[in-house]
Amino acid sequence: MRDLKFEQKRALSRLEAADQLTAFADALRKGGDAELELGAGTLSLRLPDDLRSEIEVEVGDGEIELEIEFKWPTASARTASSRTAAKTRETTGQKRAPAKPRRSTTGANRSESAKRSARRAAKTS
C-alpha cells in the first residue's frame with residue numbers, strides 16, 4: 001500500500017517541460033525540503049543526499065516515451081534502516097563499504113514497464 005501517490009497528466013510546451021525539470025534539478029542540488037510548483041498545486045518533498053534512478057525509453061505506436069524515475073526511502077524508513085545497519089556493524093565489527101554501482105537490468109524492469117504500459121492503455125480506452 002502506498003502512503004501517497006501524486007500523478008499529473010497535462011500537455012506542456014517544450015519550454016514548460018524544461019522549466020519543470022529545471023525546478024526539480026535545482027531542488028535536487030539544494031537537497032532537504034523542497035517545494036515544487038506543479039500546475040495548480042505545490043508538491044513538498046524531502047530530498048536526501050543519495051537516491052536511486054531509472055531512465056527508460058520506449059519507442060512504439062508512433063510515440064517516444066521517456067521516463068525518468070527517482071526513488072529514495074522515506075525519512076522514517078531510512079533512519080530505522082540506518083540505525084539497524086549501524087548496530088549490526090557494531091556487534092559484528094564490520095566496516096561500512098562503499099556502495100557498488102548498479103548494473104543495468106532489463107528483465108525485472110521490462111515487466112514493470114509492461115505493467116505501466118498496460119495501465120496506460122486501459123486508462124485511455
Side-chain angles (χ1 to χ4, degrees):
M1 180 171 97
R2 294 184 186 263
D3 293 331
L4 169 72
K5 181 174 181 175
F6 173 87
E7 190 173 70
Q8 180 184 65
K9 294 181 182 184
R10 63 186 180 120
L12 298 172
S13 71
R14 185 172 37 97
L15 293 175
E16 289 171 321
D19 288 344
Q20 276 193 352
L21 290 172
T22 299
F24 186 66
D26 291 344
L28 278 173
R29 272 189 194 86
K30 182 181 170 197
D33 292 329
E35 290 196 357
L36 301 169
E37 299 294 326
L38 298 174
T42 301
L43 179 63
S44 298
L45 296 170
R46 176 170 290 281
L47 298 168
D49 291 335
D50 299 308
L51 41 91
R52 298 180 314 275
S53 72
E54 178 182 330
I55 297 176
E56 184 178 319
V57 177
E58 292 182 25
V59 179
D61 298 328
E63 287 187 326
I64 297 174
E65 180 179 336
L66 169 65
E67 290 185 27
I68 302 172
E69 182 174 289
F70 294 101
K71 292 182 182 181
W72 61 90
T74 58
S76 59
R78 183 179 178 119
T79 302
S81 65
S82 296
R83 278 192 226 121
T84 303
K87 192 170 276 195
T88 301
R89 284 193 302 273
E90 283 176 16
T91 58
T92 61
Q94 293 177 334
K95 292 184 179 177
R96 186 174 185 176
K100 294 180 183 177
R102 291 183 62 189
R103 298 171 89 191
S104 175
T105 58
T106 54
N109 291 342
R110 289 276 180 224
S111 64
E112 284 300 316
S113 173
K115 289 177 191 174
R116 283 193 295 267
S117 295
R119 285 193 299 265
R120 270 190 236 102
K123 286 180 184 177
T124 58
S125 29

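Remember, it's a predicted structure, so these values are computed and weren't measured experimentally.
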**OP:** Show your working on side-chain contact (heavy atoms from CB on, under 4.5 Å) between Leu36 and Phe24 and close with a plain yes or no.
**Re:** CA-CA 7 Å; Leu36 301 169; Phe24 186 66; 3.5 Å; yes
Original post:
Could Arg52 and Glu54 be called an ion pair, given the rule that one side-chain N must be under 4.0 Å from one carboxylate O?
Top reply: no
Original post:
For the residue pair Pro48 and Arg46, what are the closest heavy atoms and their distance?
Top reply: CD-O, 3.7 Å
Subject >> Minimal non-hydrogen separation, Ala34 against Leu47, with atom names >> reply: CB-CD1, 3.7 Å
Original post:
Distance-only, no hydrogens or angles: does the Gln20 side chain make a donor-acceptor pair with backbone N or O of Ala17 under 3.5 Å?
Top reply: no
Original post:
Residues two or more places apart in sequence or in another chain: which of them pass salt bridge (Lys or Arg N to Asp or Glu O under 4.0 Å) with Asp61?
Top reply: none
Can you establish whether the number of heavy atoms outside [X] located under 6.0 Å from its atom [atom1] is more than 12?
| X | atom1 | answer |
| --- | --- | --- |
| Arg10 | CZ | yes |
| Glu63 | CD | no |
| Ile64 | CD1 | no |

Original post:
Do Leu12 and Ile68 share a hydrophobic cluster, counting only Ile, Leu, Val, Met, Phe, Trp and Tyr and linking them when any side-chain heavy atoms are less than 4.5 Å apart?
Top reply: no
**OP:** Look at the side-chain heavy atoms of Ile, Leu, Val, Met, Phe, Trp and Tyr, link any pair under 4.5 Å apart, and say whether Leu45 and Leu21 land in one connected group.
**Re:** no
Original post:
Got a second to check how far Phe70's CZ is from Leu28's CG, nearest 0.5 Å?
Top reply: 5.5 Å
**OP:** Tell me yes or no: between the side chains of Thr42 and Glu35, is some donor less than 3.5 Å from an acceptor?
**Re:** no
